[in-house]
Amino acid sequence: MDLNIQLKDIFRSIAMCDKCGVCTFVTKDNTPRTVCPMYEYDKSFVFQPNGLMFTARALLQGTEEYDRSVAEFVFSCADCRACDAKCVPVPYPKPHVHPTEIIKIMRRDAIDKGLIPKGPMEAMAKAVNEDGDLLSKAAPGMPEGVVSEKADTVLYAECFHSPAQVGIYESAGRLLQKMGKQVSLFSDGGCCGSSLYDFGFWNKLPKLVQSKWEKMEKNTDKTFLFINPHCQEFVAKQYSDIVPGFKGVKMEHFSEFLADALKEGTLKAKKTDRVEVAYHDPCALGRGLGIYDAPREVLAGLSGVDLKEMNGNKDASFCCGSRALGKYHPEFSKETAKRGIERFNETGADILITACPYCKQAFQGALPDQDKNKVMDLIEFVEVRTA
């Protein structure tokens, strides 16, 4: 999306919202079920996509002032894209942007006005303004023999904002070692730009993304292998709007890579005890990138693994809540993760599998210490189930 776009440029998209509620519910067996985590938490007109679009219209018309309460509201959206996926398709005039993109524009405007919610957002703003990036001292250790600059695959290792991510990448390294697969690493200890984009720090993006692209451009003949789906979605969808002359790169998510490895026999499942698992479709991987089948193919390719689908999967997956950093409802993010755990418990499965470090961290945070091992990333699960 054009970083200079204004609400007035997309007033038609905002005005097209007629508050029909399709973005808030899905219907299964003639029973409506909430797909918007905001509405699931607070069943009011305001705390749902309709309310956010009404707020955008009020700001545009000048009937509401952009103050701190509005900023708290727009940063509380979980950015799960459920409303984008469910909104009734109509012949929108151009330029058209989806609800979550409209919310991001409002976030950018809040940041530009200095209306930054207390808590995580305040800490993020301080770091970004000081460094122009979200730097991290965390870095995964790769097994001996896995990293080679001559490799035809580049493992994209950015955005270590979640403690869970280091362990997942190290698990991926051990899987690569099992397969005898070498990769080069793309990592400079910062953010790919996705978090800065999602949370409104758009004024920092041109310089940051241009710097990343100058390094990536040297490897356009190679395939970039992504673990964090937020990184892959941002590079796939936003780099072309930010970088002049962006040529694109070949991309693959690690779940797709594992599915192919199991089919081709370069990674072999080992016989272990039977286990029932539930799979949570991450928002960025599923609704963002359209990758639903590959993780399920991986689970199907492992011995003794039975998949129990959750009530709300694929494009109706219920968000983990990790990307809600506003304080409109202070407990919203945590309670959303708890609702995800409730849906997992309904399946009776032994382990909850996901494929995003933010999801893993959110779900583990909703469990007591003795139960945190019930949540695993797909990569970690594959490591223990393969020879």
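Along the sequence shown, the residues carry numbers beginning at 1.
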Same cluster or not: are [X] and [Y] linked, directly or through other Ile, Leu, Val, Met, Phe, Trp or Tyr residues, by side-chain heavy atoms under 4.5 angstrom apart?
{"X": "Leu285", "Y": "Ile379", "answer": "yes"}
{"X": "Tyr358", "Y": "Phe381", "answer": "no"}
{"X": "Phe11", "Y": "Val74", "answer": "yes"}
{"X": "Val147", "Y": "Phe257", "answer": "yes"}
{"X": "Ile227", "Y": "Phe224", "answer": "no"}

Item to complete: Check the pair Met121 / Ile116 against side-chain contact (heavy atoms from CB on, under 4.5 Å), numbers first and verdict last.
Response: CA-CA 6 Å; Met121 277 303 306; Ile116 301 168; 4.1 Å; yes
Worksheet item: With sequence neighbours left out, what residues match Phe201 under ring pair (Phe, Tyr, Trp, His ring centres under 6.0 Å)?
Response: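 Here no residue qualifies.
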Discussion item. Between Asp281 and Arg296, does the salt bridge (charged side-chain N to carboxylate O under 4.0 Å, His left out) criterion hold? Intermediate values first, please.
Written reply: CA-CA 10 Å; Asp281 289 278; Arg296 290 171 170 81; 2.7 Å; yes
Item to complete: Would you please classify the geometry between the Phe47 ring and the His329 ring as parallel, tilted or perpendicular, with 30° and 60° separating the classes?
Response: perpendicular
Worksheet item: How are the rings of Phe25 and Tyr39 set relative to one another: parallel (under 30°), tilted (30 to 60°) or perpendicular (over 60°)?
Response: perpendicular
Just wondering, more than 12 heavy atoms not from [X] lying within 6.0 Å of its [atom1]?
{"X": "Lys118", "atom1": "NZ", "result": "no"}
{"X": "Glu144", "atom1": "CD", "result": "no"}
{"X": "Lys207", "atom1": "NZ", "result": "no"}
{"X": "Phe54", "atom1": "CZ", "result": "no"}

Worksheet entry | Cation-pi geometry met for Arg339 and Phe318 (6.0 Å, 45°) | no
Item to complete: Could you go through the side-chain hydrogen bond (donor to acceptor under 3.5 Å, both in side chains) check for Thr223 and Glu252 one step at a time?
Response: CA-CA 7 Å; Thr223 297; Glu252 186 175 33; over 6 Å; no
Worksheet item: Tell me the salt bridge (Lys or Arg N to Asp or Glu O under 4.0 Å) pairs involving residues 261-273, sequence neighbours left out?
Response: Lys263-Glu297
For [X] and [Y], test the side chains for any donor-to-acceptor distance below 3.5 angstrom and give the result as yes or no.
{"X": "Thr100", "Y": "His98", "answer": "no"}
{"X": "Glu383", "Y": "Ser171", "answer": "yes"}
{"X": "Ser317", "Y": "Arg287", "answer": "no"}

Worksheet item: With sequence neighbours left out, what residues match Pro140 under side chain to side chain contact (heavy atoms under 4.5 Å, CB included)?
Response: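 Pro140 satisfies side chain to side chain contact (heavy atoms under 4.5 Å, CB included) with Met142, Phe160, Tyr169, Glu170 only.
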Worksheet entry | Ile102/Leu7 under side-chain contact (heavy atoms from CB on, under 4.5 Å): CA gap, chis, key distance, verdict | CA-CA 8 Å; Ile102 294 170; Leu7 286 179; 4.2 Å; yes
Worksheet item: Hey, are Lys327 and Glu122 close enough for a salt bridge, meaning a charged N less than 4.0 Å from a carboxylate O?
Response: no
Worksheet item: Is any side-chain N of the basic residue among Arg81 and Asp315 closer than 4.0 Å to the acidic one's carboxylate O?
Response: no
Discussion item. Under the criterion side-chain contact (heavy atoms from CB on, under 4.5 Å), I'd like the reasoning laid out for Glu40 against Thr336: C-alpha separation, chi angles, the key distance, then a yes or no.
Written reply: CA-CA 8 Å; Glu40 178 76 4; Thr336 300; over 6 Å; no
Practice prompt. Nearest 0.5 Å please: distance from the CG atom of Leu155 over to the NZ atom of Lys181.
Written response: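 Atom-to-atom, Leu155:CG and Lys181:NZ are 11.0 Å apart.
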Discussion item. Checking Arg343 against Glu346 for the salt bridge (charged side-chain N to carboxylate O under 4.0 Å, His left out) test, could you report, in this order, the C-alpha distance in whole Å, the side-chain angles of both residues, the deciding distance, and whether it holds?
Written reply: CA-CA 5 Å; Arg343 294 182 184 219; Glu346 287 172 1; over 6 Å; no
Item to complete: In sequence, state the C-alpha distance, the side-chain angles, and the governing distance for Thr347 and Glu309, and then conclude on side-chain contact (heavy atoms from CB on, under 4.5 Å).
Response: CA-CA 7 Å; Thr347 68; Glu309 291 286 3; over 6 Å; no
Discussion item. side-chain hydrogen bond (donor to acceptor under 3.5 Å, both in side chains), that's the test. Do Thr220 and Lys247 meet it? Break it down for me.
Written reply: CA-CA 8 Å; Thr220 52; Lys247 301 173 185 176; over 6 Å; no
